[in-house]
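Counting starts at 1 for both ligands and their atoms, following the listed order.
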Amino acid sequence: MDIITYNEKVFSPFLSKEEIDGIVGGLATQINADYSDIEEDVVLVSILDGSFIFMADLVRKLTFQFEVEFVKIRSYNGFESEGEIELILDLHKDIKGKHIIVIEDIVDTGLTIEKFIEQLQALNPNSVKVCSLLSKPDVHNDIINIDYVGKEIPPVFVIGYGLDIDGKGRNHHGIYQLEV
Ligand code: IMP
């Protein structure tokens with residue numbers, strides 16, 4: 001992996017394709033163990049855009065039966081309406097009585113996922129769990145419970161494997177960290 005640049009910002013290698021594959025495999029093993037005997041419907045809800053590559057890799061490692069859904073969320077972290085979210089793309093299925101696994105790329109402050117789970121709970125699912133490839137515990141201070149965490153990372157900005165900077169950089173196989 002080489003150093004890459006976006007808008008004059010320098011990013012250095014953080015996680016290789018092989019390391020990510022191992023992390024996704026580990027998450028799939030845990031989820032398969034927890035859901036293989038569940039009789040009710042299971043729905044994996046991927047939060048776009050960042051989780052699309054992670055979701056595509058994860059679902060192909062899962063061995064039980066499930067449906068998929070995609071949502072798109074606009075969050076207002078750091079603005080006046082801090083912590084508010086708007087669903088730009090909403091669920092298309094009735095999730096009442098179903099088991100939901102929310103698939104997120106990275107949990108930073110945790111506000112997006114916290115508010116989204118509140119909205120999901122109002123729809124009376126059987127259960128809601130969260131799976132995030134990456135988590136920054138020093139930022140969110142465990143305000144939410146992440147059931148399946150791929151890797152805890154320090155409070156650095158990362159791109160690649162679906163994660164972006166100003167919409168770019170999602171296509172890299174590995175994950176890169178912003179040099180400060
Ligand atoms: P939160 O509400 O602060 O947890 O924000 C979560 C969202 O912010 C993620 O789904 C990402 O879209 C974005 N995000 C947070 N940290 C990073 C990062 O290091 N790189 C790229 N996107 C990030």
Going by the 4.0 angstrom heavy-atom rule, the piece of His140 near ligand 1 is neither
Measure Ile47 to ligand 1 on non-hydrogen atoms and call it side chain, backbone, both or neither using the 4.0 Å cut-off. neither
[X] neighbourhood, listing ligand 1 atoms whose heavy-atom distance to it stays under 4.0 Å:
X	answer
Val158	18 (C), 19 (O), 20 (N), 21 (C)
Asp164	21 (C)
Leu163	21 (C), 22 (N)
Val156	19 (O)
Ile106	6 (C), 9 (C), 10 (O), 11 (C), 14 (N), 15 (C), 16 (N), 17 (C), 19 (O), 23 (C)
Gly110	1 (P), 3 (O), 4 (O)
Glu104	10 (O)

Thinking salt bridges, do Arg170 and Asp105 make one under a 4.0 Å N-O criterion? no
Heavy-atom proximity to atom 3 (O) of ligand 1, picking from Thr109, Ile85, Asp49, points to Thr109
To which of Thr112, Asp105, Val107, Val139 does the heavy atom nearest atom 12 (O) of ligand 1 belong? Asp105
At a 4.0 Å cut-off, with the gap strictly under it, does some heavy atom of Lys136 reach an atom of ligand 1? yes
Look at ligand 1 and say whether Gly50 reaches it with a heavy atom at a distance under 4.0 Å. no
Return the CD1 to CD1 distance between Ile106 and Ile113, rounded to the nearest 0.5 Å. 12.0 Å
Do Ser127 and His99 have side-chain N/O donor and acceptor atoms under 3.5 Å apart? yes
Look only at interatomic distance and state if Ile159 has a nitrogen or oxygen under 3.5 Å from any nitrogen or oxygen of ligand 1. no
Look at the aromatic rings of Tyr35 and Tyr148 and report parallel, tilted or perpendicular, splitting at 30° and 60°. tilted
Kindly assign one of parallel, tilted or perpendicular to the pair Tyr6 and His172, based on the angle between their ring planes and the thresholds 30° and 60°. perpendicular
Full working for side chain to side chain donor-acceptor pair (under 3.5 Å) between Glu104 and Ser51: CA-CA 6 Å; Glu104 178 65 301; Ser51 71; 5.3 Å; no
Using the benzene-type ring in the case of Trp, are the ring centres of Phe52 and Phe54 under 6.0 Å apart? no
Beyond-backbone contact of Phe116 with Ile73, side-chain heavy atoms, under 4.5 angstrom: yes
